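First up is the structure itself, then whatever we jot down about it.
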Amino acid sequence: QVQLVESGGGLVQAGGSLRLSCAASGRTFNSYAMGWFRQAPGKEREFVAAISWSGGSTDYADSVKGRFTISKDNAKNTMYLQMNDLKFEDTAVYYCAGTDLGLGPKLYEYKYWGQGTQVTVSS
């Protein structure tokens with residue numbers, strides 16, 4: 001079992017930056033691929049970014065490429081999402097998730113989920 005806790009959300013003006021963190025506990029963190037997903041009001045949860053268990057491979061949704069950076073520190077059991085040049089449409093609850101199936105954008109492949117952290121971007 002893996003427990004995931006997100007932090008770092010908040011209110012930011014458009015063009016600003018935030019860094020989200022996802023702290024993991026439980027089973028070996030570095031054996032899981034990890035991902036970030038987000039869900040805006042009235043919309044389905046969508047893929048944002050993913051990183052392999054080693055941190056050597058990453059994947060991003062087209063909407064965040066060049067603006068967001070995913071990383072993980074296995075020694076600290078923590079994953080990060082650096083979000084730059086935030087836009088109003090980035091407003092959502094952001095969730096971190098873990099999977100033992102390998103890096104990928106498919107929501108149903110992720111077994112472990114955090115409770116989410118709210119990111120609000122004012123225009």
Side-chain angles (χ1 to χ4, degrees):
Q1 190 73 10
V2 174
Q3 292 79 42
L4 303 174
V5 179
E6 303 94 336
S7 62
L11 174 65
V12 64
Q13 288 188 331
S17 298
L18 280 176
R19 188 175 82 155
L20 305 183
S21 298
C22 173
S25 60
R27 295 184 63 182
T28 306
F29 174 74
N30 61 9
S31 64
Y32 289 87
M34 303 291 293
W36 287 98
F37 292 79
R38 66 187 182 186
Q39 188 166 18
K43 295 187 177 181
E44 293 186 351
R45 194 170 298 189
E46 64 176 7
F47 170 74
V48 176
I51 190 166
S52 62
W53 67 270
S54 68
S57 297
T58 57
D59 189 21
Y60 295 91
D62 288 343
S63 59
V64 306
K65 279 181 181 176
R67 300 188 298 122
F68 290 11
T69 303
I70 189 171
S71 61
K72 68 195 303 254
D73 185 336
N74 287 337
K76 295 183 178 180
N77 282 359
T78 303
M79 177 179 65
Y80 305 97
L81 185 68
Q82 177 67 42
M83 305 186 294
N84 298 328
D85 190 23
L86 282 160
K87 305 177 186 299
F88 176 76
E89 51 265 36
D90 294 319
T91 296
V93 177
Y94 283 71
Y95 298 89
C96 70
T99 176
D100 54 7
L101 298 178
L103 182 154
K106 296 181 175 62
L107 186 150
Y108 63 81
E109 292 182 339
Y110 287 77
K111 186 176 182 179
Y112 304 105
W113 291 86
Q115 82 291 348
T117 185
Q118 177 70 48
V119 171
T120 303
V121 184
S122 62
S123 58

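Heavy atoms only: backbone and side chains are in, while hydrogens, waters and symmetry mates are out. In this text the structure is predicted, and so the values were computed from the model without any measurement.
- Heavy atoms only, all atoms of each residue included: Ser123 and Ala14 are closest at CA-CB, 4.3 Å.
- Here Asn74 contributes atom CG and Trp53 contributes atom CH2; the two are 8.0 Å apart, rounded to the nearest 0.5 Å.
- Phe37 pairs by the ring-ring contact (aromatic ring centres under 6.0 Å, His included) definition with Phe47, Tyr110, Trp113, not counting sequence neighbours.
- Side-chain contact between Phe68 and Trp36 is absent, with no heavy-atom pair separated by less than 4.5 Å.
- In terms of hydrophobic clustering, with Ile, Leu, Val, Met, Phe, Trp and Tyr side chains grouped at heavy-atom distances under 4.5 Å, Tyr80 and Leu4 are assigned to different clusters.
- Tyr32 and Leu103 end up in different hydrophobic clusters when Ile, Leu, Val, Met, Phe, Trp and Tyr side chains are linked at under 4.5 Å.
- Transitive grouping of hydrophobic side chains (ILVMFWY, heavy atoms separated by less than 4.5 Å) keeps Tyr95 and Met79 in distinct clusters.
- Taking the side chain as every heavy atom from C-beta outward, Val93 and Gln118 approach each other to under 4.5 Å.
- Between Gly102 and Ala33, the shortest heavy-atom distance links the atoms C-CB, 3.6 Å.
- A donor-acceptor distance shorter than 3.5 angstrom exists from the side chain of Glu6 to the backbone of Gln115, with no hydrogens or angles considered.
- Under the side chain to side chain contact (heavy atoms under 4.5 Å, CB included) rule, Val121 has a single partner from Thr91, Leu18, Leu11, which is Thr91.
- At a threshold of 4.5 Å between side-chain heavy atoms, the hydrophobic network of Ile, Leu, Val, Met, Phe, Trp and Tyr places Leu107 and Leu20 in two separate groups.
- With a 4.5 Å cut-off on side-chain heavy atoms, Asp90 and Met83 do not count as touching.
- The list of disulfide bond (SG atoms under 2.5 Å apart) pairs with a residue in residues 91-123, not counting sequence neighbours, reads Cys22-Cys96.
- Under the 3.5 Å distance criterion, the side-chain polar atoms of Asn84 are left unmatched by any main-chain donor or acceptor of Thr69.
- The main-chain N or O of Tyr94 is never found under 3.5 Å from a side-chain atom of Thr117 such that the two would form a donor-acceptor pair.
- The closest side-chain heavy-atom distance from Ser63 to Arg38 is below 4.5 Å.
- In this structure, Tyr60 contributes its side chain and Ile70 its backbone to a donor-acceptor pair below 3.5 Å.
- Scanning all heavy atoms of the two residues, the minimum distance from Lys72 to Met34 falls at CE-CG, 3.8 Å.
- Judged by distance alone, with hydrogens and angles left aside, the side-chain atoms of Gln13 form no donor-acceptor pair with the main-chain N or O of Ser122 at under 3.5 Å.
- Here the shortest heavy-atom pairing between Leu81 and Ala49 reads CD1-CB, 4.3 Å.
- Taking 4.0 Å as the cut-off between side-chain N and carboxylate O, Asp62 and Lys65 count as a salt-bridged pair.
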